[in-house]
Amino acid sequence: MNAAILAIETSCDDSCAAVLAGDGSILSNVIASQGIHDSYGGVVPELAARHHLTLLTPTITAALDQANLTLGEIERVAVTQGPGLIGALLVGVGQAKAIAAARAIPLVAVDHLQGHVAANFISPDPFEPPFVCLIASGGHTLLARVDDHSSFSVLGETLDDAAGEAFDKGARMLGLGFPGGPAVEALAATGDPEAFDFPTARNVKGCDFSFSGVKTALLYAIRDLGEAQTEARRADLAASYQRAIVEALIGRLTRALDASGLDRAAIGGGVAANGPLRQRVAALGVSSHIPALNLCTDNAAMIASAARFLPDCSSQAALELDAYPSGGQR
Ligand code: KG4
Ligand code: ZN
């Protein structure tokens, strides 16, 4: 498909718009982070939706300006349909429907997780299926078998928390801000990853994940150390906690590669921005693809990338398009 695509992503707290050229290269990728949820220790759904209402239009304008295109030159519009926060999603879906109807251009509905997979298809270095994709974000952690550009099948997923959620909750226990992943990574840089032997859920069978054990282990370690020792050893705690999460992810990715017989691996989702995880994936000894940092955390370029390989909604379906908070493609 050879058309400039405008994509909108509002599934959580980032208002995102991007323009992709027909060849899959990025013309613009704008992310307006709301920056208001930190003081609440997590995303407040109602606040996220209200801020999308304010931020989305200027974000789309910025994406068009940076791409040096007018709305009249856009040939398709894509939007995240779900999963995510329903109020937040509806702002994006409403905006995309309005643009498609007003400009009489096709609308493409995109699953957010397919978007994280499709971050790997972006030019100039697209990674071609088949491959195993580890998707680890704040809301999801799963292993996907990707045989084509428009779908995936699930090889395993988390039985409890998502990996990003584990980072965020661990960060809170360590007195760090939200989102927790980058804060834990920064603190861990000066700590000893072997200092504490936190569990990696090796006994969970197959390609499924579990992060409740490592979370509880950190809680107990903090309780046993007491306030003064915890303060003194925060970097060691962060480094050991991060190591356990990364090893759990890498262990399952290795199992998924073995089980699928594939020797190609990719990653996606916010946790894929984690430095030690990226290093471990690069050192797996298989052909691997690691998207740029701003294509791992939520963005609209990945939604446009997924849309390149998806059909347009019929005009009736475009008018009736609704968001879904969970489920979807999986
Ligand atoms: O994909 P994403 O931007 O949004 C969701 O779809 O959830 O992922 C956000 C998650 C948060 O939990 C955040 O703490 C985590 O990704 N994250 C990281 C890093 N950057 C973001 N986790 C570990 N290391 C990072 N550098
Ligand atoms: Zn995401």
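First listed ligand is number 1; within each ligand, the first listed atom is number 1.
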Q: Counting neighbours of CZ on R50 that are heavy atoms of other residues, nucleotides or ligands and sit closer than 6.0 Å, is the number greater than 12?
A: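 Not buried by this count: 12 neighbours or fewer within 6.0 Å.
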Q: Hey, which protein N/O/S atoms does the Zn ion (ligand 2) have under 2.8 Å?
A: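 Correct list: H112 NE2, H116 NE2, D298 OD1.
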Q: Once the angle between the rings of H149 and F309 is folded into 0 to 90°, is it parallel (under 30°), tilted (30 to 60°) or perpendicular (over 60°)?
A: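 Judged by the thresholds at 30° and 60°, the geometry between H149 and F309 is parallel.
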Q: Report the relative orientation of the aromatic rings in H112 and H116; use parallel for angles under 30°, tilted for 30 to 60°, perpendicular for over 60°.
A: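 H112 and H116: perpendicular rings.
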Q: Look only at the side chain of N299 and the backbone of M302, and say whether a donor-acceptor pair between them is shorter than 3.5 Å.
A: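 Yes, because the side chain of N299 sits within donor-acceptor range (under 3.5 Å) of the backbone of M302.
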Q: Could you pull out all residues at least two apart from E73 that satisfy side chain to side chain contact (heavy atoms under 4.5 Å, CB included)?
A: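 For E73 the side chain to side chain contact (heavy atoms under 4.5 Å, CB included) partners, ignoring immediate neighbours, are L69, T70.
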Q: Going by salt bridge (Lys or Arg N to Asp or Glu O under 4.0 Å), name the residues that satisfy it together with R252, two or more places apart in sequence or in a different chain.
A: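 Checked R252 against salt bridge (Lys or Arg N to Asp or Glu O under 4.0 Å); zero matches.
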Q: Is it the case that the side chains of T158 and D161 hold a donor-acceptor pair, with the cut-off being a distance below 3.5 Å and no angle test?
A: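 Result is no, nothing qualifies.
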Q: Using a 4.0 angstrom limit on heavy atoms, which residues are close to ligand 1?
A: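 These residues qualify: H112, H116, S137, G138, G139, G164, F167, D168, P179, G180, G181, P182, E185, G269, G270, V271, A273, N274, T297, D298.
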Q: Start with the C-alpha distance between S210 and D160, add both sets of side-chain angles, then the distance that settles side-chain hydrogen bond (donor to acceptor under 3.5 Å, both in side chains), and finish with yes or no.
A: CA-CA 6 Å; S210 169; D160 38 57; 2.6 Å; yes
Q: Once the angle between the rings of F131 and F121 is folded into 0 to 90°, is it parallel (under 30°), tilted (30 to 60°) or perpendicular (over 60°)?
A: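 Geometry flag for F121 against F131: perpendicular rings.
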